[in-house]
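Since the model is a prediction, treat every value here as computed from it, not as a measurement. Each ligand, and each atom within it, is numbered from 1 in the order the structure gives.
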Amino acid sequence: MSVLRSISLAERQAIKRDILASNDTFVAALPKVELHVHIEGTLTPSLRWKLAQRNGMTLGLKRTGTVYHTLEQLEASYELIVSRPGHSFNHAEERFTFFEAYYDGFEVLVTKQDFYDLAMNYFEHAASMNVRYCEPFFDPQGHTRRGVSWATMMGGLKEAQLEAERRLKVKSKWTMCFLRDMSPESAMEHLEAALPYRDMIVGIGLDSDEYLRPPSLFEAVFSRARAEGFHLTCHCDVGQQDTHDHIRQVASTMGGTGAERIDHGINAAEKPELVELIRRNGLGMTICPWAYMRHEPLDEIFPRLRVLYDAGIPVSIASDDPAYMEDSWLIHNMLVAKKMCNFTNEDMEKLTRNAVSICWAPDNVKSDILQELEAVVAAFS
Ligand code: HPA
Ligand code: ZN
């Protein structure tokens with residue numbers, strides 16, 4: 001590969017058509033585990049429109065005052081999202097574009113029913129892709145700062161979680177992320193407020209704008225979270241200014257001895273010592289190719305994924321923010337990884353096993369998924 005620019009929307013759409021036309025029944029049939037999906041990033045334009053109507057709200061882009069008068073206008077706006085903050089190709093004014101769209105979306109989440117509908121919409125998608133277990137992220141500070149109560153937020157998420165397990169056979173635990181562009185004190189307050197909901201929450205992560213916000217700023221809250229029994233993970237977004245240093249912190253010092261997973265972090269592939277550190281310390285990685293294809297050249301994505309995978313790091317594939325990434329869900333991310341990395345069916349099985357091994361589900365849930373996986377593999381061999 002020698003594409004030195006990120007590819008256009010039309011090119012990404014052509015790739016999407018291509019991977020879907022491959023009609024890959026093996027990848028479709030695999031029982032899946034998804035470990036990196038932001039529940040707020042699954043807010044599709046149509047669901048956002050429905051919730052806005054129900055809550056009597058007008059939709060638009062807050063900063064510019066642009067109003068979307070129709071669902072079609074809202075849908076078209078999702079195609080204009082340019083990039084992530086801090087990336088070297090960005091112009092300063094583009095820096096918040098993804099986050100602007102993402103956080104503007106939060107506004108329609110007001111009632112318990114809204115949170116339920118959001119989560120249920122994801123679980124329905126998950127079930128249709130044979131996801132058996134997932135650990136979706138949620139961003140409580142993005143809701144409490146708008147005046148939403150914990151009872152509203154957690155009540156809706158919990159009802160959906162229980163119903164998904166019962167009706168769709170999708171099991172889940174939530175991963176609560178702190179917003180790294182907010183203060184460590186706010187993170188600590190939210191950790192304490194979350195303690196009554198610990199039966200729903202299995203892990204703690206760190207997301208949002210990484211620019212000048214190293215994980216070390218949050219050391220006290222991560223250590224406390226670990227002492228409270230939560231698992232730890234942390235975003236290291238692609239192409240960030242201090243990404244290698246952030247990856248090093250996550251792999252070796254976060255929470256005292258390093259987190260258990262890194263979300264994204266593919267720049268580690270540029271530094272053999274970081275690859276070795278991640279491997280030696282046993283961290284898993286969650287890689288979301290479609291999220292990077294919007295702003296990274298292809299040859300800065302897939303060869304790096306290959307390096308991490310070939311080094312024996314337990315890499316898993318996930319979807320990040322499917323509604324903001326051209327409606328690209330777990331299946332699309334798996335298929336594009338397969339195509340671009342020349343992964344075989346055995347590799348796809350391995351990636352699935354990796355997700356099982358690095359997830360935080362109880363052993364019986366893991367062994368049920370592995371049993372089903374073996375049956376699927378046998379049926380295709
Ligand atoms: N990175 C950082 N923050 C986020 C992301 C992400 O991928 N998605 C939603 N919030
Ligand atoms: Zn993410």
Side-chain angles (χ1 to χ4, degrees), residues 6 34-44 48 78 81-87 90 94-107 109 118-119 122 134-143 145 174-182 186-187 190 203-215 217-218 232-243 246-247 249-250 254 259 261-268 283-296 301 305 315-330 332-333 355 358:
S6 53
E34 173 148 55
L35 303 179
H36 185 158
V37 59
H38 299 261
I39 203 67
E40 297 90 346
T42 67
L43 182 66
T44 56
R48 187 166 161 203
Y78 278 54
I81 300 166
V82 216
S83 186
R84 270 164 201 268
H87 188 269
N90 281 352
E94 287 175 356
R95 274 223 285 114
F96 295 102
T97 311
F98 163 74
F99 287 127
E100 267 176 344
Y102 177 75
Y103 291 117
D104 275 3
F106 281 42
E107 305 277 331
L109 300 167
L118 173 70
Y122 168 67
C134 53
E135 290 169 357
F137 295 129
F138 70 108
D139 289 334
Q141 289 153 299
H143 306 299
R145 69 185 174 190
W174 297 96
T175 304
M176 181 170 86
C177 282
F178 300 127
L179 303 186
R180 67 205 303 159
D181 42 7
M182 291 187 74
S186 168
H190 282 75
I204 301 290
L206 190 67
D207 66 0
S208 204
D209 188 350
E210 190 166 334
Y211 185 63
L212 300 179
R213 303 296 284 170
L217 289 176
F218 296 87
L232 305 184
T233 187
C234 183
H235 276 63
C236 292
D237 273 349
V238 179
Q240 293 290 304
Q241 174 171 286
D242 303 310
T243 189
H246 293 185
I247 293 168
Q249 290 177 21
V250 176
M254 175 171 254
R261 298 205 300 247
I262 298 180
D263 300 309
H264 307 309
I266 63 167
N267 293 91
L283 282 91
M285 298 184 80
T286 62
I287 308 286
C288 313
W290 214 281
Y292 323 142
M293 282 166 58
R294 301 171 54 80
H295 55 92
E296 294 281 335
I301 305 171
L305 169 53
V315 167
S316 70
I317 304 294
S319 68
D320 207 7
D321 300 287
Y324 295 91
M325 282 142 199
E326 294 138 17
D327 212 28
S328 304
W329 300 77
L330 176 58
H332 306 106
N333 280 275
I358 66 175

Salt bridge (charged side-chain N to carboxylate O under 4.0 Å, His left out) involving Glu107 - partner list, sequence neighbours excluded
Lys62
Salt bridge (charged side-chain N to carboxylate O under 4.0 Å, His left out) involving Arg261 - partner list, sequence neighbours excluded:
Glu135
Could you tell me which atoms of ligand 1, counted from 1 in the order shown, lie closer than 4.0 angstrom to a heavy atom of Asp321?
5 (C), 8 (N), 9 (C)
Atom indices of ligand 1 within 4.0 angstrom of Tyr102 heavy atoms, with elements
9 (C), 10 (N)
For ligand 1, is there an N or O atom under 3.5 Å from any N or O atom of [X]?
X: Asp139; value: no
X: Asp237; value: yes
X: Asp320; value: yes

Check for me whether Phe99 has a heavy atom closer than 4.0 Å to any atom of ligand 1.
yes
Does even one non-hydrogen atom of Ser208 get within less than 4.0 Å of ligand 1?
yes
Restricting to N/O/S atoms, is Cys288 within less than 2.8 Å of the Zn ion (ligand 2) or not?
no
Mind checking whether the Zn ion (ligand 2) has an N, O or S of His264 under 2.8 Å?
no
Would you call the rings of [X] and [Y] parallel, tilted or perpendicular, taking 30° and 60° as the class edges?
X: Phe138; Y: Trp174; answer: perpendicular
X: His36; Y: His38; answer: perpendicular
X: Phe106; Y: His143; answer: parallel
X: Tyr292; Y: His264; answer: perpendicular

Is it the side chain, the backbone, both or neither of Phe137 that has a heavy atom closer than 4.0 Å to ligand 1?
neither
Relative to ligand 1, is His264 under 4.0 angstrom through side chain, backbone, both or neither, heavy atoms considered?
side chain
Atom of Asp320 nearest the Zn ion (ligand 2) (restricted to N/O/S, atom name only)
OD1
Polar contact flag, side-chain donor to acceptor under 3.5 angstrom, Ser319-Asn333
no
Does a side chain donor of either Ser208 or Tyr103 reach within less than 3.5 Å of an acceptor in the other side chain?
yes
